[in-house]
Structure formats: structure tokens, C-alpha cells
Amino acid sequence: AQRVTQPEKLLSVFKGAPVELKCNYSYSGSPELFWYVQYSRQRLQLLLRHISRESIKGFTADLNKGETSFHLKKPFAQEEDSAMYYCALSGKNTDKLIFGTGTRLQVFP
Amino acid sequence: DVKVTQSSRYLVKRTGEKVFLECVQDMDHENMFWYRQDPGLGLRLIYFSYDVKMKEKGDIPEGYSVSREKKERFSLILESASTNQTSMYLCASSTRGFTDTQYFGPGTRLTVL
């Protein structure tokens with residue numbers, strides 16, 4: 001079955017601390033992985049995707065096919081990173097996205 | 001800039017009412033999607049459409065229907081609203097292709113009393 005698991009509902013850190021939001025997936029084949037973010041009172045938007053291999057706002061994510069993970073990392077958290085983060089996947093035979101349940105990141109000053 | 005708009009930001013309806021949620025995108029995207037967003041459950045796909053007059057069921061289509069008469073507009077219909085349909089509804093659009101970004105609307109918070 002195709003599934004995305006985000007084990008943490010809430011992650012709280014202090015400003016300047018490293019952050020890792022976990023994402024594990026189950027998919028038969030080669031999926032495309034995404035991280036979407038929703039800041040307070042804003043619409044959901046793409047943060048980054050695996051195929052682009054880019055770093056956005058200091059965040060990176062590496063696809064580990066052996067562990068079927070796509071964890072989101074940032075070495076030094078900022079208060080403005082506080083938001084809801086969703087991991088998602090899609091595959092070659094569908095344009096649908098399968099979302100995880102989301103992790104709320106709180107960055108305290 | 002891609003623009004996805006939804007007809008209402010907040011909506012309050014009574015049990016049994018027929019409810020229409022409208023979504024319009026201005027980027028000539030082929031794909032359009034309707035999700036509901038609930039705390040602890042994430043985003044769940046209700047219906048999606050690859051083209052005009054085409055629709056596909058998502059993961060939770062029961063109690064909903066959709067209409068896509070024009071490429072830019074995708075409507076979600078609750079035939080007879082129930083209290084368990086109280087939720088945040090998000091519309092999204094994208095071009096064809098499984099690696100492509102989905103662009104989301106601001107959401108409609110529907111309360112069914």
C-alpha cells in the first residue's frame with residue numbers, strides 16, 4: 001500500500017537548534033517525494049521536492065531508498081520556520097499526491 | 001504567479017443542505033484536486049480531475065460529488081451536508097506530470113450545524 005508516515009505530530013525546538021522532521025514512505029516503484037509547508041494564515045505551498053535537489057530557506061531533504069525515508073533537515077532553526085509541514089509522494093502512474101498527517105514545528109526564541 | 005481562488009473563506013450550513021464549493025485557477029492547469037484537511041489526519045483527497053468533464057474518486061469520495069464543466073473551474077458538491085463534513089476544504093491545481101507542483105487555494109472552512 002502507498003503510505004506516508006510522519007511520526008511526530010509536534011516538534012518543538014529553540015532558535016538556532018538543528019531540526020529534523022521525519023518522513024517515511026511505502027511505495028512500490030520509484031516515487032517522487034515532496035515537502036509542503038503551511039505558515040499561519042497562509043495557504044499550503046511547496047517547500048522542496050526531491051527531483052530538484054535544492055535547498056530552500058536552509059532546508060534540505062535527502063531521499064534514502066534503503067530506509068524509505070525523506071527527512072527534512074535544517075541546521076539552525078529560525079522562529080519564522082514555525083509552521084505545519086507535510087511530506088507527500090507521487091508516482092509515475094498517477095498525478096495524485098499522498099500526504100502524511102503533518103508535523104507542527106514550533107521554534108521558540 | 002499561479003492563482004487558485006476559492007469562493008468562500010468561511011461557510012456555515014445546516015445538516016441536510018446542499019453545499020457548493022467553487023475553485024478557480026488561472027494558469028490553464030489540466031489537473032485539479034479537492035482535499036479536506038483535518039487535524040491529525042493530514043490532507044485526504046476527495047476527488048480529482050485530469051481534464052474537463054473528467055473526474056476520478058480519491059480516497060474519501062463518499063458524500064461528495066464534483067463538476068468540471070470548464071478547465072479553470074472545479075466544483076465540490078455536498079449533496080446533503082452532515083456534521084462529519086465539518087472541515088477545512090482545500091482546492092489545488094497542477095500541470096500534468098507526477099513531479100509537478102500542486103498549487104493550493106486559501107481553503108474554505110465549512111461548518112455544518
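Just the heavy atoms: all of them, side chains too, but no hydrogens, waters or symmetry mates, feed the values below. Each chain gets a letter, A, B and so on, in the order its sequence line appears, and its residues count up from 1.
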Is there side-chain contact between Y35(B) and L97(A), with at least one heavy-atom pair below 4.5 Å?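 In contact.
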Could you tell me if the side chain of L45(B) sits less than 4.5 Å from the side chain of I98(A), heavy atoms only?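 Result no, sub-4.5 Å side-chain heavy-atom pair not found.
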As an exercise, state the distance from CD of Q102(B) to NZ of K96(A), rounded to the nearest 0.5 Å.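 Q102(B) CD to K96(A) NZ: 11.0 Å, rounded to 0.5 Å.
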Spacing of CG belonging to L90(B) relative to CD belonging to Q38(A), to within rounding of 0.5 Å: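 Those atoms lie 6.5 Å apart.
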Assigning hydrophobic clusters by single linkage (Ile, Leu, Val, Met, Phe, Trp, Tyr; side-chain heavy-atom cutoff under 4.5 Å), is [X] placed with [Y]?
X: L63(A); Y: Y27(A); value: yes
X: L76(B); Y: V4(B); value: no
X: L78(B); Y: M32(B); value: yes
X: L72(A); Y: Y39(A); value: yes

Inspect the surroundings of [atom1] in [X] and state if more than 12 heavy atoms from other residues, nucleotides or ligands are less than 6.0 Å away.
X: R44(B); atom1: CZ; value: yes
X: K71(B); atom1: NZ; value: yes
X: F76(A); atom1: CZ; value: no

Engaged part of Q37(B) at the chain A interface, taking heavy atoms whose separation is under 4.5 Å: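 It is the side chain, since no backbone atom gets that close.
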With a 4.5 angstrom heavy-atom cut-off, is it the side chain or the backbone of L41(B) that approaches chain A, or both, or neither?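 The answer is the backbone of L41(B).
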Yes or no on side-chain contact (heavy atoms from CB on, under 4.5 Å) for T101(B) and Q45(A), after CA distance, side-chain angles and deciding distance? CA-CA 9 Å; T101(B) 303; Q45(A) 60 187 291; over 6 Å; no
Please say which of R43(A), R41(A), Q42(A) ends up in a side-chain contact (heavy atoms from CB on, under 4.5 Å) with P106(B).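 With P106(B) as partner, side-chain contact (heavy atoms from CB on, under 4.5 Å) holds for just one option, R43(A).
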For D100(B) against R49(A), the heavy-atom pair lying closest together: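 In this case the closest contact between D100(B) and R49(A) is CA-NH1, 3.7 Å.
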If you count heavy-atom pairs under 4.5 Å between each of V4(A), L44(A), L46(A) and chain B, which one has the most?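 Ranked by contacts with chain B, first place is L44(A).
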